[in-house]
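Below is one structure; the comments refer to it alone.
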Amino acid sequence: MKFTVTSERPDSVKTGCVILGVFEHRALSSAAAEFDKATGGILKKILKDGDMNGSSGQTVIVHSPAGAKCERVLLVGCGKASDFNARAYQQAVSNSVQAVNASGASDAVSYLAELEVSDRPTCQRVRTLVEVTYAAAYTPDALKSRKDKSAQPIRRLSVGVDAGDVASVRKAISEGEAIASGVELARTLGDLPGNICTPSYLANEARELGKGSDKLRVSVMSEAGMEKLGMGSLLSVSRGSRQPAKLITLKYDGGKAREKPVVLVGKGVTFDSGGISIKPGAAMDEMKYDMCGAASVLGTLKACIAMKLPVNVVGIIPATENLPDGDASKPGDIVTSMSGQTIEVLNTDAEGRLILCDALTYCGKYKPAAVIDIATLTGACVIALGSHAAGLLSNDDELADELLRAGKSADDRAWHMPLWEEYQQQLKSNFADMANIGGREAGTITAACFLSRFTEKYSWAHLDIAGVAWKGGDQKGATGRPVSLLTQFLIDRAAS
Ligand code: BES
Ligand code: MN
Ligand code: ZN
């Protein structure tokens, strides 16, 4: 996929397809109006004849429009001009990409980024265009012996903008490409099955990333190392697995030498069967996605490297499987975490918090400016927020607001949930310092309460991505979220 910028006008640009926005009530965008004039009113005629009325979701393609140099023109319905907000823009872009990819064009010039959108400056609109186009070319066919050749996504997209914007748009394009490549990595890893994407596979993937940059150093700790550090909670999860657990550290030094790092901790359960508290069989395959937190950390670091972002970031990935076995943890087992706190494992399926808590204690050694953990942690979060927003819980309201803002501007939203003292009660255990589950009520919050007991020394936020990290149904697949949110957060930190 190649992205470029052009200030050539839509009627004179040579391309497989020119993409133009049309609003309801026959309102043409300014690029569309220019095109219409050059072609003797072809667009107005299409609207007048009722082939489209500009409402959202409509697309019309016209071949070889006389008076223009393109092979095709694609008109994209944008809805009412007065309602054209960030969501409508994203929708129009997404519809345009679907339509152009379904056409025979192999390249296109899109003028959609010229459309005015409230609280979305040009550069952000360009980024959306790049990210959506890039993502639409992804197909999870790495393991298909025969690839589907019928769908041929475009290979080149040029972004049409005013001559004065060219330089800044170039930067936006490269940011968009960087983020999109991070999202793609997260999707690719998420879609890989548990028999391929093991903890060792994730470790190798991290090492590969390290080879691509002299600013990134990667190290991988074995179970023996974890034992020495007293990570009894993490190790209790990997007991039942024949694949050894790995604790992966990626240190990206893009910022000033003495600047404290942002630490990203990603849950890397490469398959979650539930362990002895085994899950029901239906849709259990989806638990290969239980490493999407880890994948988002790798994806975000990939984006940082590509952008040469001037920040210090440490990625920490506790990676393990959760399987039943004669040697697996049993309900009622009591384990000692690296922090010294003891945990009664009442349900071996609440394993994410058991591996995260030791990783969260461990990352204290980096004297972090902030720690963000990202985890497909609770089914309860899917029930609460569905697939539209990640659950956000934090011991620092300012950090939480920063993340909410980043999510909004990156179209990768989170929603703030409370972490009140009252909920901590639910984690009481008669035999240990705490239980690893808090009962049926407020499952996302009690999971975060559990983690909060290991993060008191620094500013911390938790993103529960169980709902946003992948889609079910016939479009089943990883989404690459929340790479955009995290990268935006780091971009904003780098700028402040
Ligand atoms: N990986 C799951 C959470 C999950 C469930 C993510 C469904 C996406 C979809 C996690 O390890 C888990 O099993 N959580 C349990 C916790 C419970 C035992 C307290 C859950 O949510 O059921
Ligand atoms: Mn589980
Ligand atoms: Zn899990």
Side-chain angles (χ1 to χ4, degrees), residues 190-191 194 197 199 202 233-234 236-241 245 265-296 317-324 328-333 343-359 373-391 393 417 423 426-429 434-451 462-473 476-479 481-482:
D191 284 336
C197 185
L202 284 179
S233 184
L234 199 170
S236 78
V237 176
S238 68
R239 287 185 74 97
S241 165
V265 179
K267 174 179 173 182
V269 174
T270 58
F271 188 77
D272 179 14
S273 71
I276 296 297
S277 314
I278 199 160
K279 289 180 181 292
M284 204 208 266
D285 65 291
E286 296 190 350
M287 283 302 124
K288 71 175 181 179
Y289 292 118
D290 215 15
M291 35 55 71
C292 283
S296 75
I317 297 173
T320 176
E321 297 182 321
N322 184 23
L323 291 174
S329 274
K330 304 168 291 295
D333 283 3
I343 304 161
E344 186 182 14
V345 181
L346 288 176
N347 189 321
T348 65
D349 197 10
E351 85 297 340
R353 61 198 82 180
L354 294 176
I355 68 170
L356 288 169
C357 71
D358 279 342
D373 78 77
I374 309 102
T376 47
L377 204 62
T378 65
C381 192
V382 189
I383 302 302
L385 298 173
S387 60
H388 301 296
L393 300 101
M417 294 163 99
Y423 294 102
Q426 288 174 240
L427 293 174
K428 271 193 186 145
S429 158
M434 69 194 89
N436 78 326
I437 53 170
R440 234 170 58 82
E441 293 178 10
T444 302
I445 298 175
T446 54
C449 283
F450 181 96
L451 299 178
H462 160 63
L463 288 167
D464 192 328
I465 59 165
V468 300
W470 79 89
K471 286 190 186 124
K476 178 147 70 184
T479 60
R481 290 179 71 182

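Below, each value reflects all heavy atoms present in this structure, side chains not excepted, and no hydrogens, waters or symmetry copies. Remember, it's 1-based here, ligands and their atoms both numbered in the order they're listed.
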For this session: Show the numbers, then the answer: is there a side-chain contact (heavy atoms from CB on, under 4.5 Å) between K330 and T348?
Result: CA-CA 7 Å; K330 304 168 291 295; T348 65; 5.8 Å; no
Audit row: L354, I343, side-chain contact (heavy atoms from CB on, under 4.5 Å) steps and yes/no | CA-CA 9 Å; L354 294 176; I343 304 161; 3.8 Å; yes
message = Applying side-chain contact (heavy atoms from CB on, under 4.5 Å) to L385 and M417, what does each step give before you reach the verdict?
response = CA-CA 10 Å; L385 298 173; M417 294 163 99; 4.2 Å; yes
So V468 and H388, side-chain contact (heavy atoms from CB on, under 4.5 Å) or not? Walk me through it. CA-CA 6 Å; V468 300; H388 301 296; over 6 Å; no
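Any N or O atom pair closer than 3.5 Å counts here, and K267 shares at least one such pair with ligand 1. By the 3.5 Å distance cut-off applied to N or O atoms, R353 is not counted among the residues near ligand 1. Annotation: T378 places no N or O atom under 3.5 Å from an N or O atom of ligand 1; distance criterion only.
In this structure a side-chain-to-backbone donor-acceptor pair under 3.5 Å is missing from D464 to C381. Using a distance-only test at 3.5 Å, with no hydrogens or angles considered, no donor-acceptor pair links the side chain of D290 to the main chain of G268. Looking at D191, its side chain never comes within 3.5 Å of a backbone N or O of G477 through a donor-acceptor pair. For Q426 (side chain) and G438 (main-chain N/O), a donor-acceptor pair under 3.5 Å exists by modelled atom type. The backbone N or O of G443 sits nowhere less than 3.5 Å from a side-chain atom of T378 that would complete a donor-acceptor pair. Side-chain atoms of R481 do not come within 3.5 Å of backbone N or O of G467 as any donor-acceptor pair. Side-chain atoms of K267 never come within 3.5 Å of backbone atoms of P318 as a donor-acceptor pair (strictly under, hydrogens ignored).
Remark: minimum distance from atom 6 (C) of ligand 1 to any protein heavy atom is reached at A466 CB, 3.6 Å. In this structure, atom 18 (C) of ligand 1 lies nearest to the protein heavy atom N347 ND2, 3.5 Å. M287 CE, 3.6 Å is the protein heavy atom nearest to atom 9 (C) of ligand 1. Of the protein's non-hydrogen atoms, the one nearest atom 2 (C) of ligand 1 is D272 OD2, 3.6 Å.
Its N, O or S atom nearest to the Zn ion (ligand 3) is what matters here, and for D290 that atom is OD2. No other N/O/S atom of D272 lies as close to the Zn ion (ligand 3) as OD2 does. Looking only at N/O/S atoms, E351 comes nearest to the Zn ion (ligand 3) through OE2.
Annotation: side chain of K279 is not in contact with side chain of S273 (no heavy-atom distance under 4.5 Å).
With values rounded to the nearest 0.5 angstrom, C197 atom SG is found 4.0 Å from L202 atom CG. A distance of 6.0 Å separates OG1 in T446 from CZ in R353, rounded to the nearest 0.5 Å.
D285 and K476 are joined by a salt bridge, as a carboxylate oxygen and a charged side-chain nitrogen come within less than 4.0 angstrom of each other.
The side chain to side chain donor-acceptor pair (under 3.5 Å) test with S277 singles out one residue from D349, N322, N347, and that residue is N347.
Sorted by chain and number, the protein atoms of type N, O or S within less than 2.8 Å of the Mn ion (ligand 2) are D272 OD2, D349 O, D349 OD1, E351 OE1.
Ligand-side atoms of ligand 1 in range of K279: 12 (C), 13 (O), range being under 4.0 angstrom from any heavy atom. When each atom of ligand 1 is checked for a heavy atom of G379 under 4.0 Å away, the hits are 3 (C), 4 (C), 5 (C), 7 (C), 20 (C), 21 (O). For ligand 1, the atoms lying closer than 4.0 Å to a non-hydrogen atom of E351 are 11 (O).
Distance check for atom 22 (O) of ligand 1: every protein heavy atom is found at 4.0 Å or beyond.
When the heavy-atom distances from atom 12 (C) of ligand 1 to D349, T444, D464 are ranked, the shortest goes to D349. For atom 10 (C) of ligand 1, the nearest non-hydrogen atom from the set L377, T446, I383 belongs to L377. Taking all heavy atoms of L346, N436, I437 into account, the minimum distance to atom 19 (C) of ligand 1 is reached by I437.
Residue V269 does not count as close to the Zn ion (ligand 3), with no N, O or S atom under 2.8 Å.
Heavy atoms of E286 come nearer than 4.0 angstrom to ligand 1 in no pair at all. At least one heavy atom of W470 sits closer than 4.0 Å to an atom of ligand 1.
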